[in-house]
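Below you'll find the structure, written out as structure tokens, and then a few comments.
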Amino acid sequence: MLREKTVVLGITGSIAAYKAAELASYLTQAGAKVETVMTEAAQRFISPLTLQSLNHRSVACDMWTPPENFDITHVSLAQIADVVLIAPATANIIAKLAHGLADDLLSSVVLATQAPVIVAPAMNSIMYLNQATQENLALLKKRGYTIVEPEVGRLACNEQGQGRLAALDTIVSAIDRVTGCVEDMAGLKVVVTAGGTREAFDPVRFIGNRSSGKMGYALAESAMQRGAEVTLITTTELKALSGVQVRYVENAEQMLEEVKKATEDAAVLVMAAAVADYRPKKVAQSKIKKTKDTLLLELERTPDILSEIKGKLLRIGFAAETDDLVHNAKRKLSGKKLDLIVANDVSAQGSGFGADSNKVILITRDGKEIELPLMSKYEVSNKIWDWVINIK
Ligand code: CTP
């Protein structure tokens with residue numbers, strides 16, 4: 001599928017630079033045209049000759065070598081790229097990109113390109129988790145860059161932590177996705193819910209929760225990009241998703257009705273929404289006035305959407321917990337007879353409500369636990385869809 005695609009591979013000065021050689025070789029063998037750009041620091045870890053020999057093309061190392069055909073190197077590379085991939089990406093290049101610097105060839109190429117950009121960080125875990133690096137990455141994500149999160153494991157500095165360059169497969173699947181090469185969910189109809197429900201008790205007030213809807217939107221977007229037919233039932237409007245059927249609802253009852261309709265012929269339901277378990281028993285017709293010192297609201301149970309939707313479809317739930325994560329998630333998995341539950345510690349740093357990232361454990365019906373490192377909600381979504389594709 002990568003045939004005919006031009007991948008501009010940026011290599012920066014991380015010890016993981018040697019892994020870029022394997023990546024370049026894989027991409028070349030898969031039929032991609034790989035144009036390599038190396039920073040000065042990268043050349044201290046690996047020789048341009050290695051990349052040149054693997055890709056059978058020259059490697060661009062600086063702005064000032066006269067170009068062979070009088071194209072301006074950084075502009076021509078930026079223009080021919082179908083995707084720019086920086087692997088490994090150091091904290092330094094991430095900071096430069098976040099601030100729009102263009103003081104070397106690679107940062108200039110990125111600034112001059114309109115192609116999608118993928119950044120695969122690799123560094124010491126403390127540098128990676130440093131607020132500066134995390135905020136720079138968040139900024140890049142907001143601008144639409146794809147971040148391929150580093151893995152947890154033993155690092156070159158002999159420490160254990162998150163910072164190892166992501167596996168070759170993970171990086172290649174990110175390239176496939178952003179270049180639209182993979183439609184592995186084509187023909188699959190999926191329904192995703194997003195956001196927190198709002199249960200009114202008078203015309204202007206409601207009981208709600210902190211769910212932002214970001215996880216549901218990431219699920220819908222990633223499924224759509226992988227070719228699925230997607231219905232998103234949401235309480236929030238986060239961004240326009242062309243190609244996704246969006247239904248807006250407010251409360252649990254309305255969400256249930258829309259989910260029922262949408263799942264009639266669907267293969268998968270993912271309930272990422274935070275559905276209220278209780279709602280006010282009575283809804284006042286007019287705004288309640290503050291006439292007394294206290295106000296008692298009587299609540300009643302809402303319908304449990306996941307439990308009400310029966311049939312052959314795969315049903316995936318989320319368990320947002322602050323304590324006893326796995327135990328509570330497993331209770332919900334069996335109680336609601338789910339195929340998969342995404343256990344989510346909402347009190348963990350960088351995880352949960354409103355965050356762009358999430359740290360989750362996927363727990364399957366047969367009790368298998370797949371613990372994922374802290375990654376973007378988009379990456380978590382793709383892990384969930386990978387699991388779906390695997391068992392479909
Ligand atoms: N859910 C649902 N219908 C509801 C409530 C929740 O379908 N009325 C779904 C959520 O979308 C989520 C999963 O069920 O996928 C969460 O299970 P639940 O036990 O309802 O979680 P909590 O509301 O967090 O429950 P508890 O307060 O018991 O922790």
Side-chain angles (χ1 to χ4, degrees), residues 190-200 206-220 223 230-236 238 247-264 266 268-281 299-311 313-348 351-355 358-365 370 372 377 380-381 383-385 387-388:
V190 305
V191 178
V192 177
T193 63
T197 60
R198 295 172 163 199
E199 310 295 334
F206 57 84
I207 297 177
N209 60 66
R210 294 184 194 279
S211 172
S212 64
K214 285 181 179 173
M215 191 67 233
Y217 268 76
L219 279 156
V230 187
T231 306
L232 174 66
I233 299 163
T234 176
T235 60
T236 53
L238 278 191
R247 310 261 177 274
Y248 294 104
V249 293
E250 188 176 88
N251 56 39
E253 193 67 51
Q254 292 165 355
M255 187 171 273
L256 172 65
E257 288 317 307
E258 289 298 334
V259 170
K260 271 186 184 162
K261 277 189 249 164
T263 49
E264 268 167 20
V268 190
L269 166 64
V270 188
M271 286 291 301
V275 186
D277 293 320
Y278 293 91
R279 65 183 165 211
K281 201 166 177 184
L299 305 180
E300 63 180 9
R301 286 296 298 266
T302 55
D304 190 297
I305 304 174
L306 269 174
S307 306
E308 295 234 3
I309 304 297
K310 309 241 156 54
L313 81 175
L314 280 180
R315 292 174 317 124
I316 300 175
F318 273 73
E321 306 291 344
T322 51
D323 312 282
D324 288 338
L325 179 63
V326 172
H327 174 77
N328 282 327
K330 282 188 171 169
R331 202 171 38 80
K332 287 175 188 174
L333 177 77
S334 61
K336 299 190 189 214
K337 298 194 175 61
L338 304 178
D339 297 285
L340 182 77
I341 194 142
V342 183
N344 179 191
D345 181 352
V346 283
S347 61
S351 200
F353 299 127
N358 220 350
K359 186 165 182 348
V360 303
I361 304 173
L362 307 184
I363 308 175
T364 65
R365 201 177 189 158
I370 307 161
L372 302 176
K377 288 186 171 169
V380 171
S381 304
K383 295 284 181 195
I384 295 169
W385 296 130
W387 179 85
V388 167

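First listed ligand is number 1; within each ligand, the first listed atom is number 1. Quick caveat, the model's predicted, so the values are computed rather than measured. Because only heavy atoms are used, hydrogens play no part in the values below, and waters and symmetry mates are left out as well, while side chains stay in.
Residue nearest to atom 24 (O) of ligand 1, selected from E321, R331, K332: K332 (by heavy-atom distance).
Proximity of a side-chain donor or acceptor of T236 to a complementary backbone N or O of G195 within less than 3.5 Å is not detected. Put simply, the side chain of D324 never gets that close to the backbone of H327: no donor and acceptor are under 3.5 Å apart. Remark: the backbone N or O of L340 is not paired with any side-chain donor or acceptor of W387 at under 3.5 angstrom. Judged by distance alone, with hydrogens and angles left aside, the side-chain atoms of D345 form a donor-acceptor pair with the main-chain N or O of S347 at under 3.5 Å. Judged by distance alone, the side chain of T235 and the main-chain N or O of V249 form no donor-acceptor pair under 3.5 Å. No side-chain donor-acceptor contact under 3.5 Å links R279 to the backbone of A200.
Pairing each heavy atom of V388 with each of I316, the nearest pair is CG2-CD1, 3.7 Å. Residues L238 and Y217 come closest through the heavy atom pair N-OH, 3.2 Å.
For atom 17 (O) of ligand 1, the nearest non-hydrogen atom of the protein is K336 NZ, 3.1 Å. The single protein non-hydrogen atom nearest to atom 2 (C) of ligand 1 is I305 N, 3.6 Å, given as residue, atom name and distance. In this structure, the protein non-hydrogen atom closest to atom 13 (C) of ligand 1 is F318 O, 3.2 Å.
Here A319 has no heavy atoms under 4.0 Å from ligand 1, in either its backbone or its side chain. At a heavy-atom distance under 4.0 Å, no atom of A272 approaches ligand 1.
Checked by atom type, the side-chain pair N328/D323 shows no donor-acceptor distance below 3.5 Å.
Within the listing of ligand 1, atoms 2 (C), 7 (O), 9 (C), 13 (C), 14 (O), 15 (O) sit less than 4.0 angstrom from a heavy atom of L306. Each of the atoms 5 (C), 20 (O), 22 (P), 23 (O), 25 (O), 27 (O) of ligand 1 lies under 4.0 Å from some heavy atom of D277. With ligand atoms numbered from 1 in the order given, ligand 1 contributes 2 (C), 3 (N), 4 (C), 7 (O), 8 (N) to contacts under 4.0 Å with heavy atoms of D304. Within ligand 1, the atoms closer than 4.0 Å to a non-hydrogen atom of P303 are 3 (N), 4 (C), 8 (N), numbered from 1 in the order shown. Ligand 1 places these atoms under 4.0 Å from at least one heavy atom of M271: 7 (O), 11 (O), 12 (C), 15 (O). Contact atoms of ligand 1 toward T302: 8 (N) (distance under 4.0 Å to a heavy atom of the residue). Near A276, meaning under 4.0 Å from one of its heavy atoms, ligand 1 places the atoms 8 (N).
Under a 4.0 Å N-O distance rule, the pair K336/E308 does not qualify as a salt bridge.
At a 4.0 Å cut-off, not a single heavy atom of A252 sits close enough to ligand 1 to count as contact. Remark: distances from the non-hydrogen atoms of A274 to ligand 1 are all 4.0 Å or more.
Between A273 and ligand 1, at least one pair of N/O atoms sits closer than 3.5 Å. The distance criterion of under 3.5 Å between nitrogen or oxygen atoms is not met by G317 with respect to ligand 1.
Between N251 and F206, every side-chain heavy-atom pair lies at or beyond the 4.5 Å cut-off.
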